[in-house]
2 protein chains.
Amino acid sequence: MSTIKDVAKKANVSIATVSRVINGLGGVKPDTEKRILKAIKEMNYLPNHLARSMVKKRTDTIGVIVPDITNPFFPEVIKGIEVSARKHGFTTFLANSNESVAEESRILHVLRKRRVDGLIVTTSNELESPLLQFESDEIPIVLLDRDIEGSSYDAVIIDNVGGAYAAVKHLITEGHSQIGLIAGPSSVTPGRDRTKGYLKALKDFGIQVNPDYIREGDFKEESGYRLGSELLSMPSPPTAIFSCNNLMTLGLLKYIQDQGLRLKEDVTVIGFDDLDIANFIKPPLTVVSRPMRYMGEVAANLLIDRINGLESTEPRKIVLVPQLLVREP
Amino acid sequence: MSTIKDVAKKANVSIATVSRVINGLGGVKPDTEKRILKAIKEMNYLPNHLARSMVKKRTDTIGVIVPDITNPFFPEVIKGIEVSARKHGFTTFLANSNESVAEESRILHVLRKRRVDGLIVTTSNELESPLLQFESDEIPIVLLDRDIEGSSYDAVIIDNVGGAYAAVKHLITEGHSQIGLIAGPSSVTPGRDRTKGYLKALKDFGIQVNPDYIREGDFKEESGYRLGSELLSMPSPPTAIFSCNNLMTLGLLKYIQDQGLRLKEDVTVIGFDDLDIANFIKPPLTVVSRPMRYMGEVAANLLIDRINGLESTEPRKIVLVPQLLVREP
DNA sequence: TTGTAAGCGTTATCAC
DNA sequence: GTGATAACGCTTACAA
């Protein structure tokens with residue numbers, strides 16, 4: 001692989017001049033420039049970004065850590081991040097923590113050794129997040145979807161309380177009063193807040209909370225299936241269930257299907273986050289949906305702001321609003 | 001951010017000695033080592049991987065280019081790649097080309113500037129792939145899912161002909177002879193080969209090919225919907241359709257649903273690649289399925305072999321076998 | 001308009 | 001055991 005030195009030699013100039021044309025700094029005689037460009041092409045020269053990063057103390061890279069890349073929510077978010085990153089000349093390091101704190105910690109370590117300019121992370125566990133051990137000023141970080149309470153990081157989140165409230169209110173309006181909850185893990189905001197929204201709706205409409213109707217899952221499909229089974233096997237099962245994320249909803253629907261139960265007639269379901277299958281099942285599924293790609297773009301923009309020197313004003317917490325997608329026929 | 005120099009100063013040794021303990025090279029007095037370790041911890045020192053990469057001429061990074069990260073096939077593959085990469089001490093740069101040759105080319109450029117040690121790529125278009133312009137010896141490359149015919153790159157692919165053949169044969173066995181095809185783009189092997197399998201099955205069972213029954217899509221949902229509509233609006237529509245990937249199948253099913261058609265009774269469908277919804281629709285969907293995560297692992301292993309100096313034996317083409325998942329009740 | 005040379009933070013090769 | 005020091009391939013004053 002040829003270097004700037006080789007190019008310089010071939011074009012009969014100094015490496016400084018080559019550097020000038022590579023970076024389009026101007027102040028180079030057109031003639032020389034042409035010669036250099038020709039040499040570059042002929043040698044198939046590609047600047048070494050590592051070397052550049054070393055002297056500039058900047059890698060033009062942002063690290064992205066998501067907890068579950070197979071949850072369709074994240075690929076959409078990632079797309080948004082990439083669009084925005086690319087627009088500003090950044091490349092992304094994407095990693096998957098698998099909802100594991102240990103893994104998240106390992107990834108963080110790797111990315112910092114590689115001197116990413118900033119991080120976008122959906123932490124696996126707010127309460128024991130590896131991010132807590134950071135000097136917050138070390139490197140810009142934007143939290144995505146899951147805030148860390150009391151942290152000074154920027155964050156892009158959703159009004160989970162509001163979204164859940166709307167969903168449960170909808171169920172109540174339809175006449176349900178025995179409403180089960182397949183909750184997310186209480187270790188992360190979306191888990192906690194969606195439960196809050198559920199409780200608030202019940203309270204506002206004067207429905208007594210039945211603790212047996214509340215089951216905590218882990219945002220994965222299996223837990224939706226299992227908790228659905230628990231809820232629906234109760235002596236007096238709920239007539240409706242609000243499931244707190246797409247994957248758990250999927251599990252729940254599978255259970256319902258396996259048992260030969262009928263949606264709506266036997267049990268009504270509403271889920272947080274849209275699903276491919278929502279349109280296929282009969283009746284179609286009403287869900288709380290949110291602007292995934294946009295969340296990614298916003299997160300990237302916040303981060304790039306910081307990287308480009310926006311100094312420590314207050315942490316910015318951007319709260320986006322989800323939408324109830326009513327699909328009753 | 002502290003450097004090896006700072007640590008050396010604090011521990012009262014030379015940077016060479018610090019480097020020794022960082023890299024566990026031994027030959028350092030236990031006493032000195034302890035002092036150095038202490039300094040490292042106190043200063044929160046993190047080795048600069050960029051600097052290391054420069055002198056070692058190796059980044060321990062592999063670039064991964066996929067054409068559509070929102071196609072659930074790829075996140076699974078990526079997971080496999082990551083597992084294997086991590087096991088061998090590599091980090092991955094993941095990028096999404098969006099089925100665009102131009103974008104793929106751009107990404108390739110970026111990744112090469114960053115001196116990734118190797119690449120795993122699912123090219124957006126075999127015939128005009130940017131990979132074709134490479135000196136094949138420049139950097140190890142493993143093709144995933146989409147081979148480039150005549151190339152000398154290693155590849156991990158699926159027996160697409162066989163998978164498609166099994167699917168169509170299944171339809172024929174069930175009594176269909178008017179079988180439509182929603183094909184993949186002919187610019188990539190999976191597209192072409194699945195069509196080949198379709199044609200072979202028809203031929204083997206003595207069914208005449210109706211060119212009007214063959215429509216080429218782009219592996220995206222919208223094309224499945226559109227082509228489904230075209231096929232099913234024909235004066236004499238097919239009684240069964242084989243759809244060549246998950247997303248197009250999804251689109252096709254949506255069309256069928258929108259039109260109020262009944263699966264099996266009005267039209268039978270088989271898809272290549274499994275789908276979440278396959279188990280939900282009635283009757284459940286039979287599909288051709290394949291070991292996604294394993295494909296990723298194998299690809300990463302092939303690549304790492306090369307990176308670690310496996311010299312140019314023949315290109316290795318690994319062909320994995322898909323499975324027909326019959327879901328008739 | 002162009003060149004010289006001092007870094008950037010490591011690893012690796014010699015000496016001592 | 002340990003320390004100097006020359007790379008690695010760039011950018012960027014500062015000179016010329």
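All chains are named by letter (A, B, ...) in the order of the sequence lines, taking the proteins before the strands, and each is independently numbered beginning at 1.
- Residues satisfying the ring pair (Phe, Tyr, Trp, His ring centres under 6.0 Å) test with B:F93, not counting sequence neighbours, are A:F93.
- End-to-end axis angle of the helix from C:dT1-D:dA16 to C:dC16-D:dG1, using five pairs per end and rounding to 10°, comes to 40°.
- Using a 4.0 Å cut-off, some side-chain N or O of A:T32 falls inside it from OP1 or OP2 of C:dT2.
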How does each nucleotide of nucleotides 6-16 of chain C score, in 5' to 3' order, for protein heavy atoms under 4.0 Å: base (B), sugar-phosphate only (S), or none (-)? -BBBBBB----
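- Heavy-atom contacts of chain B under 4.0 Å fall on DNA chain D between two terminal nucleotides, which in 5' to 3' order are D:dG1 to D:dG9.
- Rounded to whole angstrom, the span from the NZ atom of A:K34 across to the C1' atom of C:dT1 amounts to 16 Å.
- Tested against B:T189 for a side-chain hydrogen bond (donor to acceptor under 3.5 Å, both in side chains), the candidates B:E149, B:E126, B:R146 yield a single pass: B:E126.
- A search for salt bridge (Lys or Arg N to Asp or Glu O under 4.0 Å) contacts involving A:K317 returns A:D147, not counting sequence neighbours.
- Under a 4.0 Å N-O distance rule, the pair B:D60/A:K113 does not qualify as a salt bridge.
- Between A:R106 and B:E82, no side-chain nitrogen of the basic residue sits less than 4.0 Å from a carboxylate oxygen of the acidic one, so the salt-bridge criterion is not met.
- By the salt bridge (Lys or Arg N to Asp or Glu O under 4.0 Å) test, B:K10 is found to be paired with B:E42, residues two or more places apart in sequence or in another chain being considered.
- Using a cut-off of 4.0 Å between Lys/Arg side-chain N and Asp/Glu carboxylate O, B:E138 and B:R112 are scored as salt-bridged.
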